[in-house]
Amino acid sequence: MSSKDPIKTCRVDPKTFDLKKVDPQDHPGMKDKASAALATAANLEAIANWQYRLYAENKQALLIVLQGIDAAGKDGTIRKVFSVLNPQGTRVRSFKQPTEEEREHDFLWRIHRNTPRHGEVGIFNRSHYEDVLVVRVHDLVPKKVWKSRYTQINQFEKLLSSSGTKVLKFFLYISPEEQKERFQERLDNPEKQWKFSTGDIEQRKYWDDYVDAFQDVLVNCSTPTAPWYVIPANRKWYRNWIISEITKKAFEEMNPQIPPPEPGLDQIVL
Ligand code: AMP
Ligand code: MG
């Protein structure tokens with residue numbers, strides 16, 4: 001296990017990053033499930049407190065972007081980590097295949113209108129990154145078009161950040177073996193079968209193409225204002241802990257403040 005700060009270990013440095021060197025089974029900075037559960041619970045309590053302050057302050061926003069291949073744990077992360085957030089002040093949005101109306105606009109149109117306003121936490125289950133991932137892997141637009149999107153995305157995220165929105169991006173990285181197990185679980189459990197589509201098997205054939213597409217996304221779009229974090233996600237307990245850890249740290253950096261009371265409140269007698 002690395003003795004380095006686990007948050008730093010997960011943050012993508014575009015100069016040196018190589019996805020092939022990341023082990024999805026790894027758990028830097030946390031030894032086992034039991035310790036992770038305790039540390040995660042403490043982090044979630046802190047996050048809930050910070051969100052209260054963010055909402056009261058009403059001057060900044062936090063946007064969390066979740067990306068990952070099918071069954072990587074995007075829904076699970078929202079359920080296990082971000083369910084601690086007060087729904088009043090949280091905006092969750094899943095991005096599926098674009099509707100006809102969405103397709104007739106630029107790729108950021110549907111994204112921008114769903115970004116959080118000041119005081120809110122926004123959570124994207126998939127995002128504008130699909131437009132340089134699935135779109136690239138399946139040749140949905142010419143290469144020239146998706147290639148120019150890296151710069152457009154970086155500029156867009158810079159715009160968000162300059163208007164008070166902190167952007168955190170998590171890539172949940174699982175192994176093909178882990179995905180197979182999770183698909184099997186979905187197939188075997190009648191309560192989970194709805195999550196499985198036969199197209200999911202088809203997608204597995206494109207695994208290496210997705211890895212290449214993610215590698216390029218991670219090195220082209222991990223910026224100082226909106227860094228990418230690669231989360232080894234085979235172990236759900238690690239995934240939940242490190243995401244709660246990074247989110248808590250982001251709140252600490254934002255440091256939202258409860259606004260001062262109206263003058264004279266201490267004089268009021270009811
Ligand atoms: P799910 O997350 O399982 O509900 O699936 C949503 C599907 O929508 C995934 O297969 C995504 O790859 C696909 N999707 C999301 N955004 C886009 C996009 N911009 N273009 C094409 N497909 C997309
Ligand atoms: Mg799916």
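The first residue of the sequence shown is numbered 1, and numbering continues consecutively from there. This one's a predicted model, so the numbers in the text were calculated from it and none came from an experiment. In listed order, ligands and their atoms are each counted from 1.
Counting heavy-atom neighbours within 6.0 Å of Q193 CD, excluding the residue itself, gives a total above 12.
By the criterion of a heavy-atom distance under 4.0 Å, the side chain of V135, and not its backbone, is placed next to ligand 1.
With ligand atoms numbered from 1 in the order given, ligand 1 contributes 17 (C), 18 (C), 19 (N), 20 (N), 21 (C) to contacts under 4.0 Å with heavy atoms of P98. Interface atoms of ligand 1 facing D131, defined by a heavy-atom separation under 4.0 Å, are 19 (N).
Between the side chains of S127 and Q67, at least one donor N or O sits under 3.5 Å from an acceptor N or O. For the residue pair K248 / N43, a side-chain donor-acceptor distance below 3.5 Å is found, with atom types taken as modelled.
Using a 4.5 Å heavy-atom cutoff, the side chains of H138 and D209 are not in contact.
Protein heavy atom in closest approach to atom 8 (O) of ligand 1: Q97 N, 3.2 Å. Atom 11 (C) of ligand 1 has E130 OE1, 3.6 Å as its closest protein atom, hydrogens excluded (heavy atom only).
Closest heavy-atom approach to atom 4 (O) of ligand 1 within the set R126, Q203, R110, K96: this belongs to K96.
Note on R126 versus D70: salt bridge recorded, some NZ/NE/NH1/NH2 to OD/OE distance being below 4.0 Å.
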